Asker: 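First, the structure itself, so that you have it in front of you.
All figures in this text were calculated on a predicted structure; none of them were measured in a lab.
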Amino acid sequence: MRHLINTADFTIDEIKEIFANAAHYKAGDISLSLQNRLIITIFFENSTRTRSSFEVAAKRLGAEVVSLDVSKSSSSKGETLFDTAANLDAMNPDAIIVRHQDAGVPKILSNYVHCPIVNGGDGAHGHPTQALLDLFTIMENFPDPEGKKIAIVGDIKNSRVANSNIELLSRFGLDITLVAPPHFMPRISAYRKTHYIQEVIDDVDIIMSLRTQTERHTNQIYASLKDYASDFCISKTLVGDRDIMIMHPGPVNRNIDIDDALLADPRSKILEQVKNGVFVRMAVLENLICR
Ligand code: NCD
């Protein structure tokens, strides 16, 4: 039984195959390969695009989707996570997509079910399909991403998106610089680090901005997000006329993470990331369920 808990669960060859399928889907070459399959989504934490992206992906391939509304489910009546999982499993789904505020939950659940578990984001740990769709979008712009320079900017320490991207992008040979204030900088030492975006702006091909994960901070780190923005907002003025691809996993804090002018600029690929997310998740589901 295959699960997708971390980006490391797929080899480079498997990822290339997933991307080839995603590109076929994007070109309109779609078959109903998940017809008569049942996919359950269970999101214990808010989601704007990930849940709908998975649901659209499943439906485009013909699957039935049941979305458990956690606020109305028995979890809020005290049922343990494992009982919830065992009960869902008893309905015989073909995959369960789970998001949880605690790191490690999808991995633990995978021991209790008989179908693939897909991690839709767990705490500050991982968000593998986000990293996959990010790499897919990068490779549309840079078909050979080896050696391309990317700055990951923002609350890296608390970001599951950053974690998954660091694993995946370094495996594909991208040259990563972490740009963050001291409190948002992770302890890992293998990557170039700086507190100043100006230090790398002349040298990068891609900027991946991240949302400040205020919900994961135990105490307030900046006096205000405005203070943070004055150092780390990626603005059109900062980027100037440089040829830099701008990315963000969403939701964007406008004028805090990236300014309005740059969001509206064609170098910003954020909606393309969202669009690609459906095709990449289609290919991931197809891989996990049908192979
Ligand atoms: C991210 C998440 O929830 O991990 N968003 C997403 O899934 N596209 C990032 C965030 O919340 O900042």
Asker: Mind checking side-chain contact (heavy atoms from CB on, under 4.5 Å) for D134 and listing every partner two or more places apart, or none if nothing turns up?
Answerer: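 Partners of D134 by the side-chain contact (heavy atoms from CB on, under 4.5 Å) criterion, ordered by chain and then number, come out as Q130, V161, N165, M208, M247, Q273.
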Asker: Going by side-chain contact (heavy atoms from CB on, under 4.5 Å), name the residues that satisfy it together with S31, two or more places apart in sequence or in a different chain.
Answerer: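 Listed in chain order: S33.
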Asker: Applying side-chain contact (heavy atoms from CB on, under 4.5 Å), name anything that partners E140, two or more places apart in sequence or on another chain.
Answerer: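 Partners of E140 by the side-chain contact (heavy atoms from CB on, under 4.5 Å) criterion, ordered by chain and then number, come out as K26, F136, E272, N276.
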Asker: Indicate yes or no: at least one non-hydrogen side-chain atom of Y112 is less than 4.5 angstrom from one of D89.
Answerer: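 No, every pair of side-chain atoms sits at 4.5 Å or beyond.
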Asker: In sequence, state the C-alpha distance, the side-chain angles, and the governing distance for L32 and L61, and then conclude on side chain to side chain contact (heavy atoms under 4.5 Å, CB included).
Answerer: CA-CA 4 Å; L32 297 180; L61 293 175; 5.8 Å; no
Asker: For I39 and I289, what are the C-alpha separation, side-chain angles and deciding distance, and is it a side chain to side chain contact (heavy atoms under 4.5 Å, CB included)?
Answerer: CA-CA 10 Å; I39 292 175; I289 294 171; 3.8 Å; yes
Asker: Quick one, N141 with D205, criterion side chain to side chain contact (heavy atoms under 4.5 Å, CB included). Give me CA distance, side-chain angles, the key distance, then yes/no.
Answerer: CA-CA 10 Å; N141 289 266; D205 303 295; over 6 Å; no
Asker: Can you sort out the partners of H125 under ring pair (Phe, Tyr, Trp, His ring centres under 6.0 Å), two or more places apart, ordered by chain and number?
Answerer: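 Partners of H125 under the ring pair (Phe, Tyr, Trp, His ring centres under 6.0 Å) test: none.
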Asker: So does E55 pair up with R51, basic N to acidic O under 4.0 Å?
Answerer: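 Yes.
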Asker: With T7, which of E167, H127, R171 fulfils side chain to side chain donor-acceptor pair (under 3.5 Å)?
Answerer: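 For T7, the side chain to side chain donor-acceptor pair (under 3.5 Å) check succeeds only for E167.
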Asker: Do I150 and D175 come within less than 4.5 Å of each other through their side chains, counting heavy atoms only?
Answerer: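 No, side chains not in contact.
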Asker: Show your working on salt bridge (charged side-chain N to carboxylate O under 4.0 Å, His left out) between K236 and D265 and close with a plain yes or no.
Answerer: CA-CA 8 Å; K236 192 158 177 169; D265 189 284; 3.0 Å; yes
Asker: Between I207, V239, I244, which is the residue that forms a side chain to side chain contact (heavy atoms under 4.5 Å, CB included) with R267?
Answerer: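 Answer after filtering I207, V239, I244: V239.
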Asker: Nearest 0.5 angstrom please: T137 OG1 to K275 NZ, how far?
Answerer: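 Answer for the OG1-NZ pair, T137 versus K275, is 11.0 Å.
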Asker: Would N6 and D9 count as having a side-chain donor-acceptor pair, cut-off 3.5 Å?
Answerer: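 No donor-acceptor contact under 3.5 Å links the two side chains.
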Asker: Is the backbone N or O of I5 less than 3.5 Å from a side-chain atom of H3, with the two atoms forming a donor-acceptor pair by type?
Answerer: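 Absent.
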Asker: Judged by modelled atom types alone, do T41 and S67 share a side-chain donor-acceptor pair under 3.5 Å?
Answerer: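 Side-chain D/A pair, T41 to S67: present.
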Asker: Looking at CZ of F232 and CG of D155, how far apart are the two atoms once the value is rounded to the nearest 0.5 Å?
Answerer: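 Going from the CZ atom of F232 to the CG atom of D155 covers 10.5 Å.
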Asker: Tell me whether E45 at atom CD has more than 12 heavy atoms from other residues, nucleotides or ligands lying less than 6.0 Å away.
Answerer: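 Yes, the 6.0 Å shell around CD holds more than 12 heavy atoms from other groups.
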Asker: Going by heavy atoms in the side chains, are S209 and H248 under 4.5 Å from each other?
Answerer: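 With C-beta onward as the side chain, the pair touches.
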Asker: What distance separates I188 CD1 from K157 NZ, expressed to the nearest 0.5 Å?
Answerer: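 Between atom CD1 of I188 and atom NZ of K157 there are 12.0 Å.
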Asker: If hydrophobic clusters are built by linking Ile, Leu, Val, Met, Phe, Trp and Tyr wherever their side-chain heavy atoms come under 4.5 Å apart, do F142 and L174 end up in the same one?
Answerer: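 Linked, F142 and L174 end up in one cluster.
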Asker: Is any side-chain heavy atom of I246 less than 4.5 Å from a side-chain heavy atom of L263?
Answerer: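 They are not in side-chain contact.
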Asker: May I ask you to say whether K193 pairs ionically with E199, meaning some side-chain N is under 4.0 Å from a carboxylate O?
Answerer: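 A salt bridge is absent here (no side-chain N lies under 4.0 Å from a carboxylate O).
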Asker: Roughly how far, to the nearest 0.5 Å, is the CZ atom of F54 from the CD1 atom of I97?
Answerer: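 It is 5.0 Å, given to the nearest 0.5 Å.
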Asker: Applying side-chain hydrogen bond (donor to acceptor under 3.5 Å, both in side chains) as the test, list every pair that has at least one member in residues 277-290; sequence neighbours left out.
Answerer: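 Every side-chain hydrogen bond (donor to acceptor under 3.5 Å, both in side chains) pair that includes a residue of residues 277-290, provided the two are not neighbours, is S53-R281, T129-R281, E286-R291.
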Asker: Check the pair N87, T84 against side chain to side chain donor-acceptor pair (under 3.5 Å), reporting the backbone distance first and the verdict last.
Answerer: CA-CA 5 Å; N87 279 275; T84 303; over 6 Å; no
Asker: For atom CG of D202, is the number of surrounding heavy atoms from other residues, nucleotides or ligands below 6.0 Å larger than 12?
Answerer: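 Yes - once you tally the heavy atoms of other residues, nucleotides and ligands closer than 6.0 Å, there are more than 12.
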Asker: Minimum heavy-atom separation for S170 to I166, with atom names?
Answerer: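 In this case the closest contact between S170 and I166 is OG-O, 2.6 Å.
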Asker: Taking all non-hydrogen atoms of both residues into account, name the closest pair between F184 and G154 and its distance.
Answerer: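 Minimum heavy-atom separation between F184 and G154: CB-O, 3.5 Å.
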Asker: Have D260 and N255 got a donor and an acceptor in their side chains that come within less than 3.5 Å?
Answerer: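 Yes, a side-chain donor-acceptor pair sits under 3.5 Å.
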Asker: Hey, does F10 have a side-chain heavy atom less than 4.5 Å from the side chain of L168?
Answerer: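 Side chain of L168 against side chain of F10, heavy atoms only: no contact under 4.5 Å found.
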Asker: Are any of the side-chain heavy atoms of K149 and I206 separated by less than 4.5 Å?
Answerer: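 The answer is no; the side chains never approach within 4.5 Å.
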Asker: Quick one: closest heavy-atom pair of L34 and C290, and the distance?
Answerer: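 Smallest interatomic distance, heavy atoms only, reads CD2-SG, 3.6 Å.
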Asker: Which pair of heavy atoms, one from R99 and one from S47, lies closest together, and at what distance?
Answerer: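 Minimum heavy-atom separation between R99 and S47: NH1-CB, 3.4 Å.
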Asker: Atom OG1 of T237 and atom CG of D259: how far apart are they, to the nearest 0.5 Å?
Answerer: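 The OG1 atom of T237 sits 6.0 Å away from the CG atom of D259.
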Asker: For residues N21 and A283, report the shortest heavy-atom separation together with the two atoms involved.
Answerer: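 Result for this residue pair: CB-CB, 3.9 Å.
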Asker: How far apart are the C-alpha atoms of L81 and F44, what are their side-chain angles, what is the distance that settles it, and do they pass the side chain to side chain contact (heavy atoms under 4.5 Å, CB included) test?
Answerer: CA-CA 10 Å; L81 198 58; F44 293 90; 3.4 Å; yes
Asker: Quick one: closest heavy-atom pair of N158 and A124, and the distance?
Answerer: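 So the two residues come closest at O-CB, 3.6 Å.
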Asker: Surrounding CG of D243 (heavy atoms of other residues, nucleotides or ligands, distance under 6.0 Å), is the total greater than 12?
Answerer: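 Not buried by this count: 12 neighbours or fewer within 6.0 Å.
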Asker: If we only count heavy atoms from C-beta on, is the V118 to I96 side-chain gap below 4.5 Å?
Answerer: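 Counting from C-beta outward, V118 and I96 never come under 4.5 Å.
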Asker: With hydrophobic residues grouped by side-chain heavy-atom distances under 4.5 Å, do L288 and V113 end up in a single group?
Answerer: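 No, L288 and V113 fall in different hydrophobic clusters.
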Asker: Would you say that L4 contacts N119 through its side chain, given a criterion of any heavy-atom pair below 4.5 Å between the two side chains?
Answerer: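 Side-chain contact under 4.5 Å: no.
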Asker: Just to verify, what does N253 make a side-chain contact (heavy atoms from CB on, under 4.5 Å) with, not counting sequence neighbours?
Answerer: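 Testing N253 for side-chain contact (heavy atoms from CB on, under 4.5 Å), a comparison that skips the adjacent residues, returns R211, L225, I256, D257.
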Asker: State whether the number of non-hydrogen atoms from other residues, nucleotides or ligands found under 6.0 Å of Y196 atom OH is greater than 12.
Answerer: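 Check fails, neighbour count at 12 or below.
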